Amino acid sequence: MAEYDYDVLVIGAGPGGYVAAIRAAQLGLKTACVESRETLGGTCLNVGCIPSKALLHGSELFEEAHDGTLAKFGVKTGKVEIDVATLQGEKATAVKELTGGIEYLFKKNKVEWLKGLGAFKDAHTVEVAGKSWTAKNVVIATGSSVTPLPGVAVDNDKGIIVDSTGALALAAVPKKLVVIGGGVIGLELGSVWRRLGADVTVVEFLDALLPGMDGDVRKEAAKIFKKQGMELKLGTKVTAAEVKGKKAILTLEPAAGGTAETLEADCVLVAIGRRPNVDGLNLEAIGLALNQRGQIETDHDFRTKVDGVWAIGDVIPGPMLAHKAEDEGIAVAENIAGQIGIVNHAVIPSVVYTTPEIAGVGLTEEAAKEAGFDIKVGKFPMMANSRAKTNREPDGFVKVIADAKTDRVLGTWVIASVAGTMIAQVAQAMEFGALSEDIAYTCHAHPTHSEAIKEAAMAVRGKPIHM
Ligand code: FAD
Ligand code: NAI
């Protein structure tokens, strides 16, 4: 008889956990995955990446038809209206297809789904729905959930003060939407409802949007969102929220303190960040402590301090991104199988799926300087890129940051309609240790938005052609 029920037991079936489970099974390990949700796929597929992108896509189509982008190109549409129920239905179909797809992949790869909440009894025993399962290796991939804001009580069912899950499920376009937090969720979901007709105000504690992104990008993003009609209240905090009938009344104050003001809204989205899911895991039973931010620390191989227990994804330090979790899922499974699984955390792209998209990989200019690099920067505006100009997408730029001594690319930041697609080539180049010269002398197809990356790389070393 085998010593353990499973070689690998993964807790959580988000992009980290389900990928780890599939990879482990592919490598011949007997694998189970514990998930308490009704469907697999975690935050990303159920209430994150996928539903948000469905609403972003639908609302972008609406805006193009309603606000004249299509008309500019001679596409006549007549009266354009939005049917939110149909839009939500299409979103639900995408979620159902994709979460069902993971269930299919589990069956195909012989990963067993243990339904329920997992809690440690000891380092090799996890209790799920009253039954104990043993495993040689346990991978914690429990993800994250919304950080609450004291004094602002979320009630997604009422739909007046909501978090991202509630904002993805609104049945009607709110007249006035206030978003607390000018980060990724606030700007993506704020954009969805603004495009559909809401009057949107973003309240951000810091003096700029999108913390962690390059300074130039943060400045330019604010200009673009303002131009699109979002009101930005930067350097401002919400200190209280009260629901009166069908309205929310917010109390705002300058971040540094000062005179309070009130703001009325039909809907308030709280999007001030996410925090790791560790409650209920009974980590005390295995003596696993958390760091100051409530995360589980691991080594480079995703091993925790407890033998046989590993952790990946949003529950460990690093950017809270699906592709980072997925890559860690593959790496942890390979490490458990005795192979060498590596994730290069210095090259993880991030993308904000607004219009235009905002993307980056590697160091910001500020971080590069702080790390002591002597840098050279090349910038190229999308207005001078022929494809963007032809498509009438003038906003944005590419900014390539290179080491002045070695010419090695340290980071690249892009604001462009297809920035999310464009950034992939830089991530690949950086993985190969590219110099800005390598990008500048790579032949790029014409006319493409990606030529702007080539031209920005040329600008690092001298002058681009089209500027
Ligand atoms: P999760 O996806 O959070 O999955 C963890 C799973 O574990 C959950 O299903 C949970 O139910 C389960 N679980 C937790 N505890 C237990 C337990 N004790 N027992 C059993 N099961 C348990 N990232 C991107 O890269 N691109 C995007 O476009 C993007 N859009 C987003 C939009 C929104 C609105 C949100 C909220 C997030 C978005 N993200 C996006 C972030 C992305 O969703 C996360 O980074 C990603 O899901 C993390 O994966 P994970 O596997 O670590 O955890
Ligand atoms: P975030 O960390 O991106 O932004 C939160 C913002 O709220 C910050 O700008 C912060 O300064 C601000 N803030 C904090 N406290 C505040 C307060 N009291 N009042 C006003 N502002 C306050 O977090 P967000 O947007 O909630 O997203 C969570 C995570 O989900 C992100 O870290 C991101 O990694 C992930 N995500 C990724 C997406 C993508 O890759 N496209 C899309 C959506 C989410």
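All ligand and atom numbering here is 1-based and tracks the order in the structure. We number each residue from 1, following the sequence as shown. On a predicted model such as this, the values are computed, not experimentally measured, just so you know.
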For the residue pair [X] and [Y], what are the closest heavy atoms and their distance?
X: His449; Y: Ser417; value: NE2-OG, 3.3 Å
X: Leu232; Y: Ala222; value: CD1-O, 3.7 Å
X: Leu210; Y: Ile358; value: CD1-CD1, 3.8 Å
X: Val414; Y: Thr412; value: CG2-CG2, 4.1 Å

From [atom], work out which of [options] has a heavy atom at the shortest distance.
atom: atom 14 (C) of ligand 2; options: Ile272, Thr239, Leu187; answer: Ile272
atom: atom 44 (C) of ligand 2; options: Leu269, Val352, Asp207, Ile185; answer: Ile185
atom: atom 10 (C) of ligand 2; options: Arg275, Glu204, Met213; answer: Glu204

Pocket residues of ligand 1, ordered first by chain and then by residue number (heavy-atom cut-off under 4.0 Å): Ile11, Gly12, Ala13, Gly14, Pro15, Gly16, Gly17, Val34, Glu35, Ser36, Arg37, Gly42, Thr43, Cys44, Val47, Gly48, Cys49, Ser52, Lys53, Gly116, Leu117, Gly118, Ala141, Thr142, Gly143, Ser144, Ser164, Ile185, Arg274, Leu281, Gly313, Asp314, Met320, Leu321, Ala322, His323, Ala325, Tyr353
Check whether any N or O atom of [X], backbone or side chain, sits under 3.5 Å from an N or O atom of ligand 2, and answer yes or no.
X: Leu149; result: no
X: Arg274; result: no
X: Val351; result: yes
X: Met320; result: yes

Do [X] and [Y] have side-chain heavy atoms sitting under 4.5 Å apart?
X: Ile415; Y: Met382; answer: no
X: Leu87; Y: Phe62; answer: no
X: Ile336; Y: Val139; answer: yes

Go through ligand 2 atom by atom and flag the ones less than 4.0 Å from a non-hydrogen atom of [X].
X: Pro211; value: 8 (C), 9 (O)
X: Gly273; value: 5 (C), 23 (O), 24 (P), 26 (O)
X: Leu321; value: 34 (O), 37 (C), 40 (O)
X: Glu188; value: 39 (C), 41 (N), 42 (C)
X: Leu206; value: 11 (O)
X: Tyr353; value: 41 (N)

Residue-ligand contact Ala271/ligand 2, heavy atom below 4.0 Å: yes
Cation-pi geometry met for Lys30 and Tyr6 (6.0 Å, 45°): yes
Cationic tip of Lys136 above Tyr4 ring, under 6.0 Å, 45° of axis: no
May I ask you to decide whether [X] forms a salt bridge with [Y], counting only side-chain N to carboxylate O separations under 4.0 Å?
X: Glu264; Y: Lys244; answer: no
X: Glu334; Y: Arg23; answer: yes
X: Glu261; Y: Lys233; answer: yes
X: Glu393; Y: Arg387; answer: no

Could you identify the single nearest non-hydrogen protein atom to [atom] and state the distance to 0.1 Å?
atom: atom 20 (C) of ligand 2; value: Phe205 N, 3.4 Å
atom: atom 42 (C) of ligand 2; value: Val184 CG1, 3.2 Å
atom: atom 7 (O) of ligand 2; value: Gly181 CA, 3.3 Å
atom: atom 1 (P) of ligand 2; value: Gly183 CA, 4.1 Å

Residue part near ligand 2, for Val203, under 4.0 Å between non-hydrogen atoms: backbone
Region of Ile180 engaging ligand 2 - heavy atom pairs below 4.0 Å: side chain
Separation between CG of Leu29 and CG of Leu9, rounded to the nearest 0.5 Å: 12.5 Å
Modelled atom types, side-chain donor and acceptor of Arg195 and Thr355, under 3.5 Å: yes
side-chain contact (heavy atoms from CB on, under 4.5 Å) assessment of Phe302 paired with Val343: CA-CA 10 Å; Phe302 307 104; Val343 177; 3.8 Å; yes
